[in-house]
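Shown next, in structure tokens, is the structure this report addresses.
Each residue takes its place number in the sequence, starting with 1. Just so it is clear, the structure is predicted and the values come from calculations on it, not from any experiment. Reckoned from all heavy atoms, side chains included, excluding hydrogens, waters and symmetry mates.
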Amino acid sequence: FPRPSYPQILLKSQNYLPETVFYRRLLPRLNRHMFLLDDKVVFARIISSYDLPHPRIFSYTASGTPFTFDGAVLKSRNRFDATLQQCGEDLVLKPTYGSGGQAVYRIRRSYGGLEIDGVPFTFERYCELARRGDWLIQMYVTQSPDLARPHPSSLNSLRLMTLFVPGDGARVLFGMMKMGVGGALTDNAHTHGIYARVDLNTGRVGDCAFDEELREYLVHPSSDVEISSISVPDIEAICALAERCANLFPSIPLAGWDVAHTVAGPVVLEGNSSPGLTIIQRTHAGMVGEISHYVSGKWAAKLGWPGRR
């Protein structure tokens, strides 16, 4: 095959945004009040106040103290047990802050009570965790069969990047499906997950997926499911949910939304004030052209882009 000419390579490279520009110039200039997304409890309070579908939080810890979601202090084992009994299904324990799917645990119900990886999860253990950091306990999400097919043990979600345009509102620009690997509980690239482009019109997943090392996969490495055979149902409703969420946070115009799909429809898991540059650009061959199409006026001047075409 003929090798691409230097002008062709240069033209393609112009659509890629350098990490230094994205993380040191673009996000600091555009995104404000990022704690509204970075604090998962604050985010959940805002989302739930608008009756948007989100995994219910039953408890969280702050300043070394366990609370119920409505702010009551959990002072006894009986109150702790009663709070978590409100959900008859499994639960998830994860940090209030942080990203990348690190330190996420599934709390399973057994005849002896609650446990994580076979070890009892008690009120005393929860209080010990509270003294070492901020955590939350929320409902475990059971995904739809379509998204579970490539890797059933992880919650395989969509990462949707939105841009809030003043006067127009938010719109989804990019979509990726994230999939866990090797029996992992999470689908994040930082926990060895893979990701692939999703067609925002049809829900079809692209021909190949990538991992954090940018290796390509035509089939899922754990299940041998062909990446191109995966299709995301209800893609229009999923995008609409992401855009509605983004419209609640106009001070964070460039955001990423993790959305799961259940048999009852889409559920927003969390918002990300830093939407993930690598997975977007690798799956979409860059991002400058798509974003600059919607940016005009003051924003274009901030970013040094020509603005809306």
Side-chain angles (χ1 to χ4, degrees), residues 15-50 52 54 62 94-102 134 136 157-176 178 188-190 195 198 200 212 238-259 268-284 286-308:
N15 197 43
Y16 285 83
L17 194 64
E19 289 192 3
T20 52
V21 174
F22 185 73
Y23 290 111
R24 296 184 182 180
R25 289 185 55 196
L26 192 154
L27 289 184
R29 293 185 183 193
L30 288 185
N31 287 357
R32 297 174 292 113
H33 310 142
M34 292 185 288
F35 74 93
L36 296 175
L37 300 186
D38 296 342
D39 186 323
K40 296 180 178 64
V41 175
V42 170
F43 172 72
R45 292 193 191 283
I46 296 172
I47 290 296
S48 60
S49 69
Y50 287 91
L52 296 179
H54 177 265
K94 62 183 181 182
T96 300
Y97 304 93
S99 59
Q102 306 289 341
D134 295 340
L136 64 85
S157 64
L158 278 78
R159 168 65 60 84
L160 301 167
M161 179 179 166
T162 56
L163 178 67
F164 181 87
V165 180
D168 291 337
R171 64 182 70 210
V172 175
L173 299 187
F174 307 102
M176 291 74 61
K178 304 187 298 176
N188 299 75
H190 296 311
Y195 49 89
V198 173
L200 298 177
E212 197 168 35
I238 290 172
C239 290
L241 176 58
E243 291 174 349
R244 188 176 177 195
C245 289
N247 282 334
L248 297 178
F249 302 90
S251 64
I252 311 174
L254 204 57
W257 308 93
D258 289 340
V259 179
V268 60
L269 302 176
E270 59 185 51
N272 299 271
S273 61
S274 179
L277 179 65
T278 301
I279 66 173
I280 295 170
Q281 299 207 118
R282 190 65 184 92
T283 53
H284 291 78
M287 63 185 292
V288 171
E290 187 68 20
I291 291 183
S292 62
H293 179 77
Y294 296 103
V295 174
S296 61
K298 181 171 65 175
W299 281 21
K302 280 187 177 183
L303 302 176
W305 289 343
R308 185 174 298 174

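When all heavy atoms of Val172 and Cys239 are compared, the closest pair comes out as CG2-O, 3.8 Å. The minimum heavy-atom distance linking Leu37 with Ser273 is given by the pair CD1-N, 3.9 Å. Smallest separation of non-hydrogen atoms from Asn247 and Ala170: OD1-N, 2.9 Å. Shortest non-hydrogen contact noted between Leu160 and Gly175 is CD2-CA, 3.7 Å. Residues Leu17 and Leu277 share a closest heavy-atom pair of O-CD2, 3.6 Å. For the pair Tyr50 and Ile46, the tightest heavy-atom approach, listed with the atom from each and the gap, is CD1-O, 3.2 Å.
In this structure, the separation between CE on Met287 and CG on Asn15 is 9.5 Å, given to the nearest 0.5 Å. Distance check: Leu36 CG to Leu248 CG gives 10.5 Å after rounding to the nearest 0.5 Å. Distance CD1/Ile279 to CE/Met176: 4.0 Å, rounded to 0.5 Å. Distance check: Ile238 CD1 to Glu243 CD gives 12.5 Å after rounding to the nearest 0.5 Å. Separating the CZ atom in Arg29 from the CG atom in Leu254 is a distance of 14.0 Å, to the nearest 0.5 Å.
Using the six-membered ring where Trp is involved, Phe249 and Trp257 have ring planes that are tilted, between 30° and 60° apart.
Asp38 places no side-chain N or O within donor-acceptor distance of the main-chain N or O of Tyr97, the cut-off being under 3.5 Å.
In this view, Arg244 satisfies the salt bridge (charged side-chain N to carboxylate O under 4.0 Å, His left out) rule with no residue, not counting sequence neighbours.
Residues Pro253 and Asn31 have side chains in contact (heavy-atom distance under 4.5 Å, counting atoms from C-beta outward). Met34 has its side chain out of reach of Leu27: every pair of non-hydrogen atoms, C-beta onward, lies at least 4.5 Å apart.
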Problem - side chain to side chain contact (heavy atoms under 4.5 Å, CB included) between His284 and Leu173, worked out - result: CA-CA 10 Å; His284 291 78; Leu173 299 187; over 6 Å; no
Exercise for the section: For side chain to side chain contact (heavy atoms under 4.5 Å, CB included), just list the numbers for Thr278 and Phe22, CA-CA rounded to whole Å, side-chain angles, deciding distance to a tenth of an Å, and then say yes or no. Expected result: CA-CA 11 Å; Thr278 301; Phe22 185 73; over 6 Å; no
Practice task
Apply side chain to side chain contact (heavy atoms under 4.5 Å, CB included) to Thr20 and Arg25, showing your working.
Solution key: CA-CA 7 Å; Thr20 52; Arg25 289 185 55 196; over 6 Å; no
Exercise for the section: Evaluate the side chain to side chain contact (heavy atoms under 4.5 Å, CB included) criterion for residues Arg159 and Tyr195: first the C-alpha distance (whole Å), next the side-chain angles of each, then the deciding distance (0.1 Å), finally the verdict. Expected result: CA-CA 9 Å; Arg159 168 65 60 84; Tyr195 49 89; over 6 Å; no
